[in-house]
Amino acid sequence: MSLTESPTGNAPPAGWHPGSWRSFPALQQPQYDDPDALELVLGRLGRLPPLVTSWEIEELRSGLAQAVRGQAFLLQAGDCCESMDDCETAAIVRNLKVLIQFSFVLIHGSMKRVIRVGRMAGQYAKPRSAATETRNGVSLPVYRGDNVNRSGFTEGDRRPDPQLLLRGYEQAALKLNFVRSLIGGGFADLHHPENWDLDFPTGSRRAEEYRRMVHSITRSMQFMEAVLGSQFRESHGVTVYTSHEGLHLGYEQALTRPVPRRSGIYNLGTHMPWIGVRTCDPGGAHVEYFRGIANPVGLKVGPDMEPQRLVELARRLNPDNQPGRLTLIHRLGHQRVRDLLPPLVEAVRQAGLAVIWSCDPMHGNTVNAREGRKTRHFEQILEELLAAFDVHNELGTVLGGVHLELTGDNVTECVGGSTQLGEPDLTRAYKSPVDPRLNYDQAMELAFLIAERMQRPNVG
Ligand code: PEP
Ligand code: CO
């Protein structure tokens, strides 16, 4: 197979169309009481304008092609599950800020281009392990994300409501509009570091380190501008792409469209959708839908994935072996990553497949805290990440990215880190309706630790 780059987007494979998934078994789809009401909403969604464009998607794909070769690094991060209540100015700014600051720390440490992809503007549908939830002897349908039902524990809250799909689309559009304006208006302009100054507690070691880094970036930029005799323009600043799990296939289909002057058919609801571990059956509806869209796509790889099955999936999702088309996001757990990752990487390498390997150190490390809430330990998250760097280093391949659940907010959902959050803190500011996220301090701490690892000369 040749490594071809496709600047125009490929025509979909024979037999595929945006609705061909309907003839395959589709897991994790909500059961609506009124299928006609759902079809009306999907029809309406299909006529609404796209949220992203094919040229942005193609630009992301060519950036990701560099990550395959280790010349760029993918930072994919954001909420586990966006909440419509959090669609507020301050929360959007904080989340954008932590993503940008995280990326600056990585760039500074690695001297590589960092491709920022938010779990954002569409991350509203959640896969669940059980169909129902029981509290005090009462069982109700499980919460499946804000574009399906509501997290409150009443029958009404948990009834899937197709109108929520329209609200999810609208909220994604509102968020994207604000994010685009902030970035276009110079929020991340390197000439104004005060906009992205750190909110670390003053006096902390990392705050000092961050300030030194900002100073060094500003000085380097002034040096380059003096050499070039001109200013870097804002358009040379920051780009942020969007991603979400492509779970609700009716919604995804409604936003999947042909575009003028390109042969591919694009999901125009997000730049980079991914397939979760619960819906990655090669014979299932999700893989059928994903194999035909022209976007770069992610595939979560869990501990049950066998190497040959991964190769089969990768071939199905990327038959032309285009670099940048497929990101394999492994989430194996800190205890198993050293055993499970090498055979997966070996099999993909032997098959000659061009992929980006990205480490999600969150989803294999979820545990129940004493009072029943889900949490994750900072040290275990870090351990899985460092192990992933080591495994790739030992095999001579590259870890091309990380996939994280984090927020710019000061929540208390994950424990550990330099602020030493403990289990008793979890009751204080636990806001995520699904998985625990790193808070601002934990996220920045992790950014510095990853940057340090990326700076270390590889051995072996
Ligand atoms: C997620 O990314 O929120 C998720 C559910 O991941 P996974 O499919 O890896 O469990
Ligand atoms: Co999650």
Side-chain angles (χ1 to χ4, degrees), residues 26-30 74-83 86 95 117-131 142-148 151 168 242-249 252 270 272-282 284-287 289-290 297-305 309-310 313 317 326-334 336-337 340-341 344 356-368 373-377 380-381 384-385 388 401-407 411 413-414 430-439 442-443:
L27 300 180
Q28 299 279 343
Q29 304 304 291
L74 167 65
L75 168 64
Q76 190 174 12
D79 290 320
C80 173
C81 169
E82 283 178 291
S83 132
D86 273 357
N95 283 351
V117 178
R119 286 175 62 113
M120 170 185 90
Q123 177 55 8
Y124 290 115
K126 294 307 297 173
R128 303 311 303 264
S129 307
V142 74
Y143 168 64
R144 289 186 181 274
D146 273 10
N147 74 2
V148 174
S151 59
T242 64
S243 68
H244 63 250
E245 179 168 349
L247 185 71
H248 192 299
L249 291 174
E252 303 303 333
T270 190
M272 182 187 178
W274 77 84
I275 306 179
V277 287
R278 292 165 191 78
T279 50
C280 70
D281 182 347
H286 289 82
V287 171
Y289 168 76
F290 271 78
V297 300
L299 173 72
K300 288 289 197 90
V301 177
D304 297 334
M305 181 69 80
R309 189 145 154 272
L310 182 58
L313 273 164
L317 291 168
L326 182 60
T327 300
L328 300 178
I329 308 163
H330 50 83
R331 27 87 84 223
L332 302 167
H334 73 287
R336 303 183 70 192
V337 57
L340 296 179
L341 186 55
L344 295 167
I356 296 139
W357 289 100
S358 174
C359 175
D360 166 356
M362 314 299 294
H363 288 89
N365 294 314
T366 315
V367 290
N368 280 325
R373 283 173 205 268
K374 286 204 262 183
T375 191
R376 291 165 173 154
H377 291 260
Q380 297 179 354
I381 291 168
E384 177 160 358
L385 261 173
V402 292
H403 183 114
L404 302 167
E405 289 185 341
L406 54 76
T407 169
V411 298
E413 298 172 4
C414 290
Y430 198 111
K431 297 190 189 154
S432 172
V434 185
D435 288 339
R437 301 161 294 178
L438 296 169
N439 66 20
Q442 291 167 327

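Read the numbers this way: they start at 1 and go in the same order the structure lists the ligands and their atoms. As a basis for the values below, the full set of heavy atoms in this structure was taken, side chains included, without hydrogen atoms, waters or symmetry mates.
Of the protein's heavy atoms, H363 NE2, 3.0 Å lies nearest to atom 1 (C) of ligand 1.
Under 4.0 Å from ligand 1, the heavy atoms of K126 that appear belong solely to its side chain. Within the 4.0 Å heavy-atom criterion, neither part of C81 lies near ligand 1.
Between W357 and H330, the ring planes are tilted. Angles from 30° to 60° get that label.
The nearest N, O or S atom of C81 is not closer to the Co ion (ligand 2) than 2.8 Å.
H248 and N147 form no side-chain donor-acceptor contact under 3.5 Å, judged by distance and modelled atom types alone. S243 and R119 share no donor-acceptor pair across their side chains, judged by distance under 3.5 Å alone.
Every atom of ligand 1 is numbered from 1 in the order shown, and the set under 4.0 Å from a heavy atom of P127 is 5 (C). Listed by number with element, the atoms of ligand 1 under 4.0 Å from a non-hydrogen atom of R331 are 7 (P), 9 (O), 10 (O). For ligand 1, the atoms sitting less than 4.0 Å from at least one non-hydrogen atom of E405 are 1 (C), 2 (O), 3 (O), numbered in the order shown with element in parentheses. Interface atoms of ligand 1 facing G276, defined by a heavy-atom separation under 4.0 Å, are 8 (O).
Atom OG1 of T366 and atom CD of E405 lie 7.5 Å apart (nearest 0.5 Å). Atom-to-atom distance recorded for Q380:CD and C414:SG is 10.5 Å, nearest 0.5 angstrom. In this structure, CG on L438 lies 4.5 Å from CD1 on I381, to the nearest 0.5 angstrom.
Stacking of R373 on the aromatic ring of Y430 is recorded, both the 6.0 Å distance cut-off and the 45° axial limit being met.
With the Co ion (ligand 2) as vertex, C80 SG and H363 NE2 subtend 170°, rounded to 10°.
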